[in-house]
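Presented below is the structure to which this report refers.
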Amino acid sequence: MSHREASNRLLLRARDHMARSFRDPLDVPALARIACCSQAHFSRSFTEIVGESPTRYRQRGDVEAVPNCFVKAWVRPSSFGEAS
């Protein structure tokens with residue numbers, strides 16, 4: 001397995017954690033620990049993959065209540081770091 005694949009798998013763990021606890025505030029230090037990387041690297045990677053920094057995400061504020069399946073579909077990236 002390449003370094004990139006291993007890194008992506010760890011980032012997927014953090015993403016899955018976010019999906020399971022999407023109502024909770026983002027805890028970037030905890031998410032970085034799940035992904036086995038520094039907070040700075042995690043934030044740069046989260047921004048590249050999702051297109052939005054954790055800070056910008058938090059600034060959006062509360063979201064309206066919608067079914068979990070819709071939330072997961074809307075926030076899941078269509079590619080994993082491969083989009084330009």
Side-chain angles (χ1 to χ4, degrees):
M1 177 183 315
S2 73
H3 174 71
R4 176 131 176 127
E5 288 173 319
S7 177
N8 285 350
R9 285 179 187 260
L10 292 169
L11 288 168
L12 282 170
R13 281 189 199 170
R15 187 202 60 195
D16 291 344
H17 177 78
M18 287 185 282
R20 284 190 305 273
S21 55
F22 74 94
R23 291 180 190 256
D24 299 335
L26 285 178
D27 182 354
V28 174
L31 293 168
R33 283 192 300 275
I34 291 168
C36 298
C37 62
S38 71
Q39 293 177 43
H41 180 76
F42 179 80
S43 292
R44 281 191 308 272
S45 299
F46 187 76
T47 300
E48 288 174 12
I49 294 166
V50 178
E52 185 172 46
S53 70
T55 300
R56 180 71 180 128
Y57 177 85
R58 284 191 295 268
Q59 289 172 344
R60 285 198 276 155
D62 294 334
V63 295
E64 294 184 36
V66 294
N68 289 346
C69 58
F70 285 103
V71 173
K72 289 179 182 179
W74 290 334
V75 299
R76 178 157 287 162
S78 60
S79 65
F80 200 76
E82 297 172 3
S84 55

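Quick caveat, the model's predicted, so the values are computed rather than measured. If you read the sequence from its start, that first residue is 1, and numbering goes on from there.
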Taking the side chain as C-beta and beyond, is there a heavy-atom pair between [X] and [Y] under 4.5 Å?
| X | Y | result |
| --- | --- | --- |
| Ser43 | Val28 | yes |
| Thr47 | Glu52 | no |
| Ile34 | Phe42 | no |
| Leu11 | Arg15 | no |

For this session: Nearest 0.5 Å please: distance from the CZ atom of Arg33 over to the CZ atom of Arg13.
Result: 14.5 Å
For this session: To the nearest 0.5 angstrom, please state how far the CG atom of Leu10 sits from the CD atom of Glu5.
Result: 12.0 Å
Exercise. Okay, side chain of Ser45, backbone of His41: is any donor-acceptor separation there less than 3.5 Å?
Worked result: yes
Exercise. Quick one: does Ser21's side chain have a donor or acceptor within less than 3.5 Å of a partner on Asp24's backbone?
Worked result: no
Problem set entry | Contact summary for Ala35 and Ala14, nearest pair of heavy atoms | CB-CB, 4.3 Å
Problem set entry | With sequence neighbours excluded, residues passing side-chain contact (heavy atoms from CB on, under 4.5 Å) with Pro25 | none
